[in-house]
Trainee: 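Encoded as structure tokens, here's the structure I'll be asking about.
These numbers come from a predicted model, not from an experiment.
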Amino acid sequence: MTIWHWVRHGPTHEKTFVGWRDVPADLSDTAQIDRLTQHLPAKAYLLSSDLGRAVTTADVLALPTRTRLAHEADLRELNFGRWDGMRASDISISHPDLSRAYWTTPGDVVAPDGESWNQAASRINAAVDRINARHPDTHIIAVAHFGTILTQIQRALGVDAHAAMAYKIDNLSTTEIHISDGSWSVLRINHTP
């Protein structure tokens with residue numbers, strides 16, 4: 001069995017959309033980070049998306065018994081394209097129908113110069129499959145993003161994108177997914193130790 005421990009990076013305190021734009025994580029809550037570090041398996045592979053907020057969060061979760069893997073660009077957040085850095089209220093004015101459809105009927109709706117939910121899920125699923133093939137029957141701690149984690153909840157639960165997007169994923173929380181003989185199951189979602 002391969003067990004994925006998905007960790008959402010530390011908070012950014014941004015009030016705008018943050019996708020592929022690189023913004024720092026606030027890692028000042030050392031008590032929460034210590035609890036998270038203790039909760040996660042001591043012996044595991046540790047990796048992150050290549051965006052700074054995920055990389056630095058993974059850095060603070062490192063232990064000598066956790067083997068650090070290369071950063072994985074395909075585990076990035078959804079690509080919001082021209083919406084990255086904009087407030088939701090401004091997007092709803094500039095693209096009222098498109099922005100509504102992007103969130104209420106996610107799937108093939110594409111953000112301007114960005115990607116759709118389905119495109120992101122395909123990118124992320126392919127990365128997870130590659131990592132699973134390289135590191136079977138292990139614990140994997142993956143520090144990633146809200147959308148990234150939701151795509152894996154969708155995959156494990158077999159639900160549509162809209163149902164997956166209903167889940168809350170807090171910063172510095174864990175979501176645990178088990179994969180055994182091609183069967184996926186979710187043990188916990190958005191657990192904050």
Trainee: Quick one: ring pair (Phe, Tyr, Trp, His ring centres under 6.0 Å) partners of H178, sequence neighbours excluded?
Mentor: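 Listed in chain order: nothing, the list is empty.
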Trainee: Measure the spacing between CG of L51 and OG1 of T56 and express it to the nearest 0.5 Å.
Mentor: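 Result: 10.5 Å between the selected atoms.
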Trainee: Provide the closest heavy-atom pair for S99 versus S92 in the form atom of the first, atom of the second, distance.
Mentor: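 Minimum heavy-atom separation between S99 and S92: OG-CA, 3.6 Å.
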Trainee: Can you sort out the partners of N118 under side-chain hydrogen bond (donor to acceptor under 3.5 Å, both in side chains), two or more places apart, ordered by chain and number?
Mentor: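 So N118 forms a side-chain hydrogen bond (donor to acceptor under 3.5 Å, both in side chains) with D108.
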Trainee: Taking atom CZ of F146 and atom OG1 of T151, what is their separation to the nearest 0.5 Å?
Mentor: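 OG1 of T151 is found 11.0 Å from CZ of F146.
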Trainee: Using the ring of each side chain (for Trp, its six-membered ring), is F80 parallel, tilted or perpendicular to W103, with breaks at 30° and 60°?
Mentor: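 Ring orientation of F80 relative to W103: tilted.
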Trainee: Show every side-chain hydrogen bond (donor to acceptor under 3.5 Å, both in side chains) that has at least one partner inside residues 74-85, sequence neighbours left out.
Mentor: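 For residues 74-85, and leaving out neighbouring residues, the side-chain hydrogen bond (donor to acceptor under 3.5 Å, both in side chains) pairs sorted by first residue read R21-D84, D50-R76, D74-R130, R82-D113, W83-H95.
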Trainee: I would like to know whether R87 and T16 meet side chain to side chain contact (heavy atoms under 4.5 Å, CB included); could you show each step before the answer?
Mentor: CA-CA 4 Å; R87 292 183 182 276; T16 61; 3.9 Å; yes
Trainee: Please name the pair of heavy atoms, one in V186 and one in I189, separated by the smallest distance, quoted to 0.1 Å.
Mentor: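 So the two residues come closest at CG1-CG1, 3.4 Å.
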Trainee: Indicate yes or no: at least one non-hydrogen side-chain atom of P112 is less than 4.5 angstrom from one of L98.
Mentor: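 When only atoms from C-beta onward are counted, L98 and P112 do touch, with a gap below 4.5 Å.
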Trainee: When you compare the side chain of T192 with that of L172, does any pair of heavy atoms fall below 4.5 Å?
Mentor: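 The answer is no, as the side chains (C-beta and beyond) never meet within the 4.5 Å cut-off.
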Trainee: Do V18 and I149 sit in the same hydrophobic cluster, where Ile, Leu, Val, Met, Phe, Trp and Tyr count as joined when their side-chain heavy atoms come under 4.5 Å apart?
Mentor: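 Shared cluster, no.
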Trainee: Do the side chains of I3 and I124 join up, straight or via other hydrophobic residues, at under 4.5 Å, putting them in one cluster?
Mentor: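 In one cluster with I3: I124, no.
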Trainee: Can you name the closest pair of heavy atoms from T2 and D137 and give their distance?
Mentor: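 It is OG1-N, 2.9 Å.
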Trainee: Heavy atoms, side chains only, cut-off 4.5 Å: are L40 and R66 in contact?
Mentor: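 Touching, per the 4.5 Å side-chain cut-off.
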Trainee: If you compare all heavy atoms of V143 against all heavy atoms of A54, which two are closest, and at what distance to 0.1 Å?
Mentor: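 What the structure gives for the nearest pair is CG1-O, 3.5 Å.
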Trainee: I need the H39 NE2 to L61 CG distance, nearest 0.5 Å.
Mentor: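 These two atoms lie 11.0 Å from each other.
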Trainee: With side chains defined as the heavy atoms from C-beta onward, is the minimum distance between R53 and V23 less than 4.5 Å?
Mentor: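 Yes - at least one pair of side-chain heavy atoms lies under 4.5 Å apart.
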Trainee: Per the side-chain contact (heavy atoms from CB on, under 4.5 Å) rule, which among R68, H5, H139 passes with L46?
Mentor: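 In the set R68, H5, H139, the residue that makes a side-chain contact (heavy atoms from CB on, under 4.5 Å) with L46 is R68.
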Trainee: Once you round to the nearest 0.5 Å, how far does CG of L150 lie from OH of Y167?
Mentor: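 That separation rounds to 10.0 Å.
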Trainee: Going by side-chain contact (heavy atoms from CB on, under 4.5 Å), name the residues that satisfy it together with D34, two or more places apart in sequence or in a different chain.
Mentor: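 With neighbours one apart ignored, the set is empty.
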Trainee: With the 4.5 Å side-chain cut-off for hydrophobic clustering, are M165 and F17 part of the same group?
Mentor: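 Per the 4.5 Å side-chain linkage, M165 and F17 are co-clustered.
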Trainee: Which distance, rounded to the nearest 0.5 Å, do you find between the OG1 of T67 and the CD1 of I140?
Mentor: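 The OG1 atom of T67 sits 11.0 Å away from the CD1 atom of I140.
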Trainee: List for me each residue that meets side-chain contact (heavy atoms from CB on, under 4.5 Å) alongside K43, sequence neighbours excluded, and say none if there are none.
Mentor: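 K43: no side-chain contact (heavy atoms from CB on, under 4.5 Å) contacts found.
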Trainee: Considering only heavy atoms from C-beta outward, does the side chain of S49 approach that of H9 to under 4.5 Å?
Mentor: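 No, side chains not in contact.
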Trainee: Could you check whether any side-chain heavy atom of W20 comes within less than 4.5 Å of a side-chain heavy atom of E115, counting everything from C-beta outward?
Mentor: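 With C-beta onward as the side chain, the pair touches.
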Trainee: Using distance alone, with no hydrogens and no angle criterion, decide if Q38 and R35 have a side-chain donor and acceptor under 3.5 Å apart.
Mentor: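 Result is no, nothing qualifies.
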Trainee: Against Q152, only a single residue in L75, N125, L157 fulfils side-chain contact (heavy atoms from CB on, under 4.5 Å); can you say which?
Mentor: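 Going through L75, N125, L157 one by one, the side-chain contact (heavy atoms from CB on, under 4.5 Å) with Q152 is satisfied by N125 alone.
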Trainee: Check whether any side-chain heavy atom of V128 sits under 4.5 Å from a side-chain heavy atom of W6, and report yes or no.
Mentor: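 Yes - at least one pair of side-chain heavy atoms lies under 4.5 Å apart.
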Trainee: Is it true that L47 and V7 fall in one hydrophobic cluster, defined by side-chain heavy atoms closer than 4.5 Å?
Mentor: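 No, separate clusters.
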Trainee: Rounded to the nearest 0.5 Å, what separation is found between the CD1 atom of I177 and the CG atom of L187?
Mentor: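 Those atoms lie 10.5 Å apart.
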Trainee: For a quick test of reading the model, state the closest non-hydrogen atom pair linking A120 to L78 and the distance between them.
Mentor: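 The pair with the smallest heavy-atom distance is CB-CD2, 3.2 Å.
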Trainee: Taking S173 for its side chain and I169 for its backbone only, find out whether a donor-acceptor pair lies under 3.5 Å.
Mentor: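 Pair absent, no side-chain N/O of S173 close to backbone of I169.
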Trainee: Kindly write out the residues that satisfy side-chain contact (heavy atoms from CB on, under 4.5 Å) with S180, not counting sequence neighbours, or none if the list is empty.
Mentor: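 Counting only residues at least two positions away or on another chain, S180 forms a side-chain contact (heavy atoms from CB on, under 4.5 Å) with M1.
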Trainee: Between D26 and N171, is there a side-chain heavy-atom distance shorter than 4.5 Å?
Mentor: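 Sidechains of D26 and N171: no contact.
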Trainee: Indicate, with yes or no, if I33 and I141 share a hydrophobic cluster defined by side-chain heavy-atom contacts under 4.5 Å among Ile, Leu, Val, Met, Phe, Trp and Tyr.
Mentor: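 The answer is yes; both residues are in one hydrophobic cluster.
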Trainee: Could you tell me which non-hydrogen atom of Q32 sits nearest to which non-hydrogen atom of P193, and how far apart they are?
Mentor: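 Looking at all heavy atoms of both residues, the closest pair is OE1-O, 3.4 Å.
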